[in-house]
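In what follows, a structure is listed as structure tokens, so that the remarks can point back to it.
Each ligand, and each atom within it, is numbered from 1 in the order the structure gives.
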Amino acid sequence: MDKKSIRDIDVTGKKVLVRVDFNVPMKDGKITNDARILKVIPTIKYLQEQGAKIILMTHLGRPKGKVVPEMSVKPIAERLSNILGQEVIFAGDCGGPESHKVTAEMAKGQVALLENVRFYPEEEENDPTFAKNLAALGEIYVNDAFGTAHRAHASTEGVTHFLPAVSGFLTEREILVLSETLENPSKPFVVILGGAKVSDKIYVIENLMRKADCLLIGGAMANTFLKAQGYNLGNSKVEEDKVEIAAELLSKAQKSGVKVVLPLDLVVAKEYAAEAESKVVAVQDIPEDMMALDIGPATVEEFSKLIAQAGTIVWNGPLGVYEFDRFAVGTNKIVEAVAAAPGKTVIGGGDVVAAVEKTGLTAKIYHISTGGGASLAFLGGKVLPGVAAMLDKDK
Ligand code: ADP
Ligand code: MG
């Protein structure tokens, strides 16, 4: 899946429309974490070096197609000005008269940020007229918002019908790492899966099962698989209507020689609460009135052993209720295990990435995807509309 990047196209002096993901966390009108802005700086700097005029557009929050003043991206323009050490022009609309006026008057190396693209219902509807109007602002389109590439919206897909489309450095690296991981993993290829539900991820499990040597399953997802093996899960979260599919997946794995490791022990509690009293039990000993909220130490040990031997590790979904410190232990220990492992680790998923960030070990991980849903779709073998829409490299 070789897609052209900004390096493969002449951007010199051009008006370049860049879709970024500046969907930063905000509190009382202030940005609380600017990591998403910082990730796009290399792309912006490169375009500036080429003398391009850089027109940025992003979404922020879920304004649902209406103007919601608290979700204006103006504070982001200010933060970006500080980071770049130059004025970032803010346009109070996205594709409207102000955008057109601002972008018509830009000098080389200047940067403009357009208002929240999701203030317009046409964005998520992928309305062609809206997309064409966005496209009219620039001469080249750059996707550097990998986190939205699984959505066919006007600013991620529609616009590419009217402009040559290439990736920025962030999107380029995401595609490169994720496709290299799926297409050519160093063996053994170990996949760690956790999180809330089997149902969200069946297609991902099926796709990864075709490629992986070993599947380590934890989190609430494991409960449904354990149920399929006949264990009594007490009050644990189980998707009763997915038990049969879980059993099928297990027998499929067995037939194709994929090793599936389910929890050997679990941390259980009477209630789903931060301070709930907890204890470790073997998987066959879950009390009727208790629920599994984390993997236990024997499971951590078994998973860690396999992780240490892996050539490639892909991880989606936390292995317990990581939001509560008491039940974050299993997930944290596995973060330590992948950080120490010699194999290349790729981690994707909104929650698992948040869990890893809490541990402060992110620098030790080969690749942490910026796209939760997008990375999951990619790992599930889906075609991402925002990726598919970019120009192919000449063979
Ligand atoms: P990701 O965003 O990484 O793909 P998911 O959204 O699928 O992950 O799942 C994350 C959620 O799963 C978290 O809110 C976490 O608390 C929950 N979870 C993990 N293990 C359990 C469990 N044993 N019981 C209940 N919820 C769990
Ligand atoms: Mg999630």
What protein heavy atom lies closest to atom 3 (O) of ligand 1? Include the residue and the distance to one decimal. Val352 N, 2.9 Å
Among all protein non-hydrogen atoms, which one is nearest to atom 8 (O) of ligand 1, and what is the separation to 0.1 Å? Pro318 CD, 3.4 Å
Examine ligand 1 and decide if any of its atoms is less than 4.0 Å from a heavy atom belonging to Asp200. no
Checking a contact table here: which protein heavy atom is nearest atom 26 (N) of ligand 1, and how many Å away? Val321 CG2, 3.6 Å
Shared hydrophobic cluster, Val20 / Ile9 (ILVMFWY, side-chain heavy atoms < 4.5 Å): yes
Leu250 versus Gln229: any side-chain heavy-atom pair under 4.5 Å? yes
Nearest non-hydrogen protein atom to atom 2 (O) of ligand 1, with distance, is Asp351 N, 2.8 Å
Could Glu123 and Arg19 be called an ion pair, given the rule that one side-chain N must be under 4.0 Å from one carboxylate O? yes
Would you say that Leu80 contacts Ile41 through its side chain, given a criterion of any heavy-atom pair below 4.5 Å between the two side chains? yes
Ring centers of Tyr272, Phe324 separated by less than 6.0 Å: yes
Any Gly320 heavy atom less than 4.0 Å to ligand 1: yes
Would you check, one step at a time, whether the test side chain to side chain contact (heavy atoms under 4.5 Å, CB included) holds for Leu170 with Phe146? CA-CA 7 Å; Leu170 180 152; Phe146 180 74; 3.9 Å; yes
Can you spot which of Asp351, Thr331, Asp294 makes a side-chain hydrogen bond (donor to acceptor under 3.5 Å, both in side chains) with Tyr322? Asp351
Atom 20 (N) of ligand 1 has as its nearest protein heavy atom Ala220 N, 3.1 Å
Considering only protein heavy atoms, which is closest to atom 9 (O) of ligand 1, and at what distance to one decimal place? Ala196 N, 3.0 Å
For atom 23 (N) of ligand 1, what's the nearest protein heavy-atom neighbour? Residue, atom name and distance, please. Ala292 O, 3.1 Å
Is Lys211 salt-bridged to Glu183, going by a charged N under 4.0 Å from an acidic O? no
Asp351: which N/O/S atom is nearest the Mg ion (ligand 2)? OD2
Parallel, tilted or perpendicular, judged at 30° and 60°: which one describes the rings of Phe169 and Tyr46? perpendicular
Regarding ligand 1, does Tyr272 bring an N or O atom to under 3.5 Å of one of the ligand's N or O atoms? no
Judged by non-hydrogen atoms, does Lys201 sit under 4.0 Å from ligand 1? yes
Give the residue, atom name and distance (to 0.1 Å) of the protein heavy atom nearest atom 15 (C) of ligand 1. Glu323 OE1, 3.5 Å
Element-labelled atoms of ligand 1 that are located less than 4.0 Å from some non-hydrogen atom of Gly219: 20 (N), 23 (N)
Any salt bridge between Arg118 and Glu124, counting N to O under 4.0 Å? yes
Heavy atoms only, cut-off 4.0 Å: how does Val353 contact ligand 1, side chain, backbone, both, or neither? neither
